[in-house]
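In what follows, every chain begins at residue 1, and chains take the letters A, B, ... in the order their sequences are listed.
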2 protein chains.
Amino acid sequence: MSEIERYAGYQLRRVSLLAMTDLGRALAKLDLRVVEASVLFQIAAQPNITSSEVGRALGIKRANMAPLVAGLSNKGYVQSKPRDGRSQGLSLTEEGLRISDAARQLVAEEEARFFGGLTDAEQRQLLSLLKRVREHNTEDNQ
Amino acid sequence: MSEIERYAGYQLRRVSLLAMTDLGRALAKLDLRVVEASVLFQIAAQPNITSSEVGRALGIKRANMAPLVAGLSNKGYVQSKPRDGRSQGLSLTEEGLRISDAARQLVAEEEARFFGGLTDAEQRQLLSLLKRVREHNTEDNQ
DNA sequence: TATTGTTATACTCTATAACTATA
DNA sequence: TATAGTTATAGAGTATAACAATA
């Protein structure tokens, strides 16, 4: 086994890349990118959320949220209404809700398939380890 | 906890991104990018390896290896000599060996710090789970 | 003063296609 | 025919800087 394969950071990167390309392929059926789906989920979970808040939750910079939300609005999935003079509250349209639910279904299937080589207990453990590593390395970047 | 946080795939992506930006910051001290360091490690581990072989080992497309190797050659870290009429065997120069060792040191430190919130047993388990997931999802892409 | 939303911009990474030369 | 190496190019993703408007 090559030296580099022993780095957990390297395995993380390879597995993450695999997962994202796989998920991307699945979501392409809905003409959605992974980031777009994650934004839809966040808006669905928290209607009237602002673009900046979505960005903070998902680790996406404000500057990159603008074209993302514009794209989803153009597709008719997201609507906004003023919350105050400078903030826009985002919510899903009916079509946005439908596509979001379809995406959620695809993501669930992909997850089950992708991590299907692990037992349920191992999947829970992986999730737990990942979250702990993430917390250990989050001094609130962004 | 937000729904999306329960997806192992999502945690994978967030943790991997964190790890790569952190490692990138560390390697910037050597004016090296993460990919460049991984290529140096691969060449160090297997002198006289070809560009295509490095690409296959690291999941980098042939087309993207060309500018990578050219950059490392320009920096004086990598030298090539013909293996046959179409293949070039790559090896590290003395300077390349020095920078590669320095990078290895930084990577080791970064790994220790990044995964320092886990016990040694947990780190081994994370590595093992990641490798199993990767194997389960590798029908030799590329 | 800080925050929201936006525009412009640049860099990295990844991917495809097409080509030459060699095995 | 398949492989090695290269070039050109395009699309994502991410990052910084700067600005106007509002809190």
Legend entry - B:Asp31 atom CG: more than 12 heavy-atom contacts under 6.0 Å: no
note: A:Leu17, atom CG; D:dT14, atom P; distance rounded to Å ~ 12 Å
Sorted by position of nearest nucleotide on DNA chain C, 5' first, the leading residue of A:Val69 and B:Asp84 is A:Val69
Exercise. Across the strands shown, which category fits B:Arg83 at heavy-atom distances under 4.0 angstrom: base, sugar-phosphate, nothing?
Worked result: nothing
Checking C:dA23, C:dT6, D:dG5 against the side chain of A:Ala66 (C-beta onward), the nearest is C:dT6
Separation of D:dT3 atom P from B:Glu53 atom CD, nearest Å, is 13 Å
Separation of D:dA12 atom P from B:Met20 atom CE, nearest Å, is 24 Å
In whole angstroms, the gap separating P of C:dT3 from CZ of A:Arg56 amounts to 9 Å
**Asked** Any salt bridge between A:Arg104 and B:Glu3, counting N to O under 4.0 Å?
**Response** yes
Next on the checklist: If you define the side chain from C-beta out and look only at heavy atoms, does anything of A:Glu53 sit under 4.5 Å from A:Thr50?
Outcome noted: yes
Comparing nearest nucleotides in DNA chain C, the 5'-proximal residue of the pair A:Gly89, A:Thr21 is A:Gly89
*Please confirm whether any donor atom in the side chain of B:Arg86 sits under 3.5 Å from an acceptor in the base of C:dT22, or the reverse.*
yes
| query | Hey, does the side chain of A:Ser52 come within less than 4.0 Å of C:dG5's phosphate (OP1/OP2), counting only N and O? | reply | yes
In whole angstroms, the gap separating P of C:dA15 from CG of B:Leu58 amounts to 14 Å
Rounded to whole Å, the CG-P distance (A:Leu68 to D:dA15) equals 13 Å
| said: Between the base of C:dA15 and the side chain of B:Asn64, is one N or O donor paired with an acceptor at under 3.5 angstrom? | reply: yes
*asked:* C:dA17, OP1 or OP2 - any side-chain N/O from B:Arg62 closer than 4.0 Å?
replied: no
* To do: Establish, with yes or no, whether the OP1 or OP2 oxygen of D:dG13 is under 4.0 angstrom from a side-chain nitrogen or oxygen of A:Arg33.
  => yes
B:Glu36 CD to C:dT14 P, in whole Å, measures 13 Å
key: Carboxylate-amine/guanidinium contact B:Glu36 B:Arg33, below 4.0 Å   = yes
Look at the side-chain N and O atoms of B:Lys61 and state whether any lies under 4.0 Å from the OP1 or OP2 oxygen of C:dT14. no
Whole-Å distance, A:Met65 CE to D:dG13 P, equals 13 Å
Which of D:dA4, C:dG5, D:dA23 is nearest the side chain of A:Gln88? It is C:dG5
Exercise. With a 4.0 Å cut-off on heavy atoms, is B:Ala63 in touch with a base, just the backbone sugar-phosphate, or nothing at all?
Worked result: base
Tell me yes or no: between the side chains of B:Arg83 and B:Gln88, is some donor less than 3.5 Å from an acceptor? no
